[in-house]
Amino acid sequence: MARERRLDACEVEQIFTAFAEAMRELPPDVEAGWLDAQGDLRLAPDIARKLRTARRVRQLLLELQQREREG
């Protein structure tokens with residue numbers, strides 16, 4: 001079962017950078033998300049799925065899990 005884990009700024013930066021790289025690969029007119037009434041970014045479900053499975057994002061998450069086990 002997955003559990004909650006706090007991330008430091010460097011880890012979050014790595015994840016967002018990988019997300020940005022994956023988004024650049026999509027056609028520019030793809031509807032990728034929206035801002036809700038509170039101004040929070042919501043990703044379209046299919047975009048979120050693509051981002052979660054993007055190779056670099058997946059690799060970063062695996063590296064973070066490995067560091068947690070080692071440290």
Side-chain angles (χ1 to χ4, degrees):
M1 181 168 86
R3 63 183 179 87
E4 193 172 291
R5 178 178 181 267
R6 301 226 182 252
L7 301 172
D8 63 26
C10 181
E11 293 168 325
V12 173
E13 177 188 10
Q14 290 174 332
I15 292 167
F16 278 122
T17 299
F19 280 169
E21 290 170 5
M23 292 300 292
R24 278 189 221 104
E25 295 177 9
L26 297 173
D29 61 341
V30 168
E31 186 176 328
W34 64 94
L35 292 176
D36 68 14
Q38 289 75 39
D40 293 330
L41 175 64
R42 303 294 178 191
L43 295 176
D46 59 326
I47 297 299
R49 240 184 328 276
K50 288 175 184 167
L51 291 175
R52 281 193 301 271
T53 59
R55 181 177 299 151
R56 181 70 181 130
V57 173
R58 186 168 177 78
Q59 182 61 36
L60 281 169
L61 294 174
L62 290 172
E63 289 171 13
L64 291 173
Q65 290 173 350
Q66 182 67 28
R67 280 187 230 156
E68 182 178 359
R69 276 181 282 211
E70 291 172 354

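These figures come from a predicted structure and were not determined experimentally.
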Show me, pair by pair, the donor-acceptor contacts under 3.5 angstrom made by side chains of residues 6-23, not counting sequence neighbours?
{"residue": "Asp8", "atom": "OD1", "partner": "Cys10", "partner atom": "N", "Å": "3.3"}
{"residue": "Asp8", "atom": "OD1", "partner": "Glu11", "partner atom": "N", "Å": "2.9"}
{"residue": "Glu11", "atom": "OE1", "partner": "Asp8", "partner atom": "N", "Å": "2.8"}
{"residue": "Glu11", "atom": "OE2", "partner": "Arg5", "partner atom": "NH2", "Å": "3.4"}
{"residue": "Thr17", "atom": "OG1", "partner": "Glu13", "partner atom": "O", "Å": "2.9"}

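- Contacts of Glu25 classified as side-chain contact (heavy atoms from CB on, under 4.5 Å), with partners at least two apart in sequence or in another chain: none.
- Distance check, rounded to the nearest 0.5 Å: CZ of Arg69 to CG of Leu64 gives 11.0 Å.
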Mind listing the side-chain donor-acceptor pairs of residues 30-40 below 3.5 Å, one per line with the distance, residues two or more places apart or on another chain?
{"residue": "Asp36", "atom": "OD1", "partner": "Gln38", "partner atom": "N", "Å": "2.9"}
{"residue": "Asp36", "atom": "OD1", "partner": "Gly39", "partner atom": "N", "Å": "3.0"}
{"residue": "Asp36", "atom": "OD1", "partner": "Asp40", "partner atom": "N", "Å": "2.8"}
{"residue": "Asp36", "atom": "OD2", "partner": "Arg42", "partner atom": "NE", "Å": "3.0"}
{"residue": "Asp36", "atom": "OD2", "partner": "Arg42", "partner atom": "NH2", "Å": "3.0"}

